[in-house]
Amino acid sequence: MVRRRESHLISTPGLVGLVDLVGLVDLVGLVGLVGLVGLVGLVGLVGLTGDARANPVDAFGISSRAIAMGGAYTALANDSSANYYNPAGIVARKDLCLDIGYQIAVPTLRLNGYDVGVDHTRGLTAGLVAPGAIGPMRFAFGVVMFLPDERISRVRAMPRVQPRFVYYDNRTQRIYLSTNLAVQIIPGLFVGAGVTFMSRTQGDLEISGRISFPDAEAESDMRLDLDVDLKALRYLQAGILWEPLKWLSVGLVFRDEFVLEMEQGFRITGDVVGQDGGGTILRDGLFDLTSLSTNLYQPRQVVFGVAVMPSGRWTVSMDMVWAQWSRFINPGSRLEMEVELGTFNDLVDIGSQPNPPAALFRDTWSPRLGVEFLAYQSNRAVIAVRGGYVFEPSPAPEQTSRSMNLVDNHKHHLSAGVGFSLSNLLPVMDRPVDLDFHFAYLHQQRRLHRKVDPVDPVGDYTADGYVLSAGVTLKMRFR
Amino acid sequence: MSRRLVLLMVAALVATLVATLVAGLGCGAGAEEGGGGYDLPSRLAGPYEKLPDDPDTSIDEPIVLEDPDGERAYYGPSALGPEDGSYTVYFTAEDGDGAATILRAEGVDLANEPREVAVVLEADAAWEATRLAHPAVLMPGLDGAAYGLFYEAGAGELGYADSPDGRTFTRHADNPILSPIESEEGAWLGHPTAVWHEGAVLLYYTAGPPGALFVARIRESGGGAVSVERLDASPMAAGRTPVLEANPLPDPLSELFDARAVGGSSIFISNEAGRPVFDLWYAGQRADGDWTIGFAGSYDGLQFTRFEENPVLKTGVPMETDPCVVPQSVSALMFYTHGEGIRRTIGAARY
């Protein structure tokens with residue numbers, strides 16, 4: 001007799017929190033809202049929330065203009081992509097903004113010269129910024145998403161020693177959704193914060209009952225319980241945008257750490273009884289196995305950005321990104337096993353699996369540079385050309401140990417793009433329509449990994465490769 | 001101007017969408033299973049699985065080479081390839097009287113009988129007596145020859161021959177190039193395997209009894225002459241230390257696959273990350289006398305560490321020895337001597 005039970009529990013504290021936050025606007029008024037947003041940001045800044053962002057956007061960016069400018073967008077973001085680059089930027093403009101686009105990134109990542117087939121990432125991007133005001137106080141609500149067109153999310157565990165490009169792997173294989181609220185504190189100074197959530201999977205399989213001996217098929221009576229929970233995790237980001245001069249803006253963004261763990265339990269309990277009334281051989285036997293692995297990790301980040309517009313045609317922006325990779329957790333599974341077989345304990349040796357070693361990743365500082373030049377301007381049209389460069393140092397050390405192959409390289413991003421902005425395109429559209437394109441080449445600097453153990457089953461190897469990406473974004477604005 | 005711009009925008013939008021769609025469709029093949037795990041680096045150490053029985057082939061897997069008359073033993077393979085899906089295998093053919101010659105099988109495709117089998121070297125010189133065995137082919141050979149061939153002969157000495165085409169070999173004038181030094185090696189030498197390293201040939205060979213692996217460095221010294229330097233795996237220790245010997249732990253009656261002796265090896269040097277890595281597959285003899293195959297690795301070619309998961313060829317018959325591994329990027333094929341009773345043939349296993 002087998003009993004099967006499935007339960008799916010989804011709790012959404014992040015979403016509830018956001019709804020509550022919006023609902024509070026009428027109650028607490030202007031001062032309360034400012035204080036609340038500031039408090040949310042402060043909570044994030046001091047790191048009291050244990051959850052944070054994990055998404056393909058960190059790897060490849062979002063919105064063609066931002067990507068074309070190397071992602072140096074912290075001090076420039078004022079469209080729906082500000083939901084990622086700087087939540088404060090969503091309130092910097094007074095227009096309702098609706099963006100839609102598509103982007104794709106195709107990696108060719110090699111070990112010993114062979115492409116290991118890391119999955120590409122492609123999907124639809126969409127964003128919305130809805131501004132509002134309460135008296136003199138301006139605020140805006142924003143949302144942006146990346147919706148992959150192949151899979152919404154991927155959870156998988158690989159053998160501990162299997163080489164993997166940790167920077168990509170599961171990281172880019174998921175939906176990204178960010179919601180933010182921002183307010184203008186004084187003209188030119190904006191703050192914003194975002195709250196969203198991701199799902200975490202926990203599953204348990206339990207088999208219990210009676211097993212007959214020696215023929216297990218004869219008189220066994222077992223029951224199977226399967227219990228899977230999807231639990232929501234909150235994560236937070238916050239930002240400040242300051243525009244002290246018409247030609248100068250400064251931004252500061254915080255994104256918190258995010259750990260997506262996968263926990264699986266397997267438990268067998270029961271009695272072993274002799275066949276044909278042979279009596280109980282083992283009472284309350286137990287085998288319990290719990291596997292806990294890190295499916296995804298995103299480091300805590302702080303980004304400082306400056307943008308200058310030295311003339312009406314030029315915009316130059318620079319970001320410096322600090323990422324706390326030193327807290328990276330080895331994705332290898334940690335196993336806990338418990339066996340209770342009474343008098344038969346001495347006959348069983350199931351060994352032990354040591355915990356995976358520390359990954360020993362380092363914090364990184366990554367500079368980003370972006371340039372935009374307005375090549376053509378008229379009353380009805382503007383054409384902009386853009387370029388960007390990013391250096392992303394690898395946080396991972398050389399992989400010398402036998403049980404660890406967390407591959408990552410120094411990365412050089414080169415990007416370019418073009419944008420068209422048309423005014424008075426349609427009678428119903430009284431604001432310009434922007435169409436931006438981007439192309440990017442990400443070069444993975446070749447790296448050697450030499451093993452200490454002369455019989456390491458993987459052996460020495462080199463890692464290199466590149467990622468090509470492209471995309472388009474259509475931006476529509478309304479008064 | 002604005003009309004042109006609109007057309008340009010629409011054209012660019014369509015082009016980008018089409019390009020991304022085409023790129024996406026073209027690259028979507030591997031996405032369903034979750035990529036990132038193809039063609040991963042590996043030492044190819046093992047385990048090796050013998051070729052499974054296939055009723056559609058004309059061979060008796062895992063055996064790929066056997067005497068069609070069933071009178072001679074085939075053993076000691078040394079393989080080249082693959083080329084056009086097949087291998088060229090040099091091996092020993094020994095009759096019931098112990099007389100042995102070296103043959104060359106062409107077109108070993110793991111599915112059919114070889115296209116051609118021919119004698120490439122027979123005992124001729126006095127020191128060779130009536131027995132040439134355990135060929136080890138080397139490309140290129142010494143002194144610019146296209147092919148080199150080390151072999152075991154006579155009572156246990158090593159000789160060398162070279163060839164421009166791999167079919168017709170000429171013996172070296174200094175043969176035998178290596179004779180046993182009984183005080184440090186034993187009474188006989190055999191089972192050579194050779195590899196180029198830093199402008200010289202490293203010649204690994206078995207000495208016994210009971211069986212240990214030694215190495216010598218062979219340099220070209222001009223005019224066709226060679227110099228042979230025996231290497232010591234532990235120069236600081238007293239006497240000459242082999243690169244690998246019978247596993248001393250924990251006791252002679254243990255179940256270790258190489259507790260009694262080691263021999264019959266295959267050496268390969270990889271250089272994936274700017275330094276040489278020595279891969280050595282070797283035969284080990286258990287305390288009960290059965291042989292099978294294991295793996296050891298080294299960074300200097302002298303001091304080898306045994307693979308934790310030895311043996312790498314799953315046992316099945318009492319004698320599996322003389323490994324010859326042909327690496328192919330992320331996979332490998334192992335030819336080996338497959339012995340059942342008094343019958344010896346050449347089998348194959350894949351990694």
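Note on naming: letters A, B, ... go to the chains in the order of the sequence lines (proteins, then strands), and numbering restarts at 1 for each one.
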J.: If you count the non-hydrogen atoms of other residues, nucleotides and ligands that lie under 6.0 Å from CG in B:Asn271, is the total more than 12?
T.: yes
J.: Could you check which of B:Pro41, B:Ser329, B:Gly297 has the highest count of heavy-atom pairs closer than 4.5 Å to chain A?
T.: B:Pro41
J.: Distance from B:Asp39 atom CG to A:Leu111 atom CG, nearest 0.5 Å?
T.: 9.5 Å
J.: Has B:Tyr299 got a side-chain atom pairing as donor or acceptor with A:Asp453's backbone, closer than 3.5 angstrom?
T.: yes
J.: So what's closer than 4.5 Å to chain A heavy atoms on B:Ser298: side chain, backbone, both or neither?
T.: backbone
J.: When only pairs under 4.5 Å are counted, which of A:Asn405, A:Asn424, A:Leu448, A:Leu109 shares the most heavy-atom pairs with chain B?
T.: A:Leu448
J.: Are the side chain of B:Arg43 and the backbone N or O of A:Pro454 linked by a donor-acceptor pair below 3.5 Å?
T.: yes
J.: A:Val407 versus chain B, heavy atoms under 4.5 Å apart: side chain, backbone, both or neither?
T.: neither
J.: Determine the minimum heavy-atom distance between B:Ala273 and A:Thr462, stating which atoms define it.
T.: CA-CG2, 4.2 Å
J.: Which atoms of A:Arg446 come close to chain B, meaning under 4.5 Å heavy atom to heavy atom: side chain ones, backbone ones, both, or neither?
T.: side chain
J.: Taking all non-hydrogen atoms of both residues, which atom of A:Arg402 and which atom of B:Phe307 are closest, and how far apart?
T.: NH2-CE1, 4.0 Å
J.: Can you tell me if B:Glu308 has over 12 outside heavy atoms packed within less than 6.0 Å of its CD?
T.: no
J.: Given a strict heavy-atom distance threshold of 4.5 Å, which part of B:Arg275 is in contact with chain A: side chain, backbone, both, or neither?
T.: both
J.: For B:Glu83, does the CD atom sit with more than 12 other heavy atoms under 6.0 Å from it, leaving out its own atoms?
T.: no
J.: Name the region of B:Ser270, side chain, backbone, both or neither, that has any atom closer than 4.5 Å to a heavy atom of chain A.
T.: neither
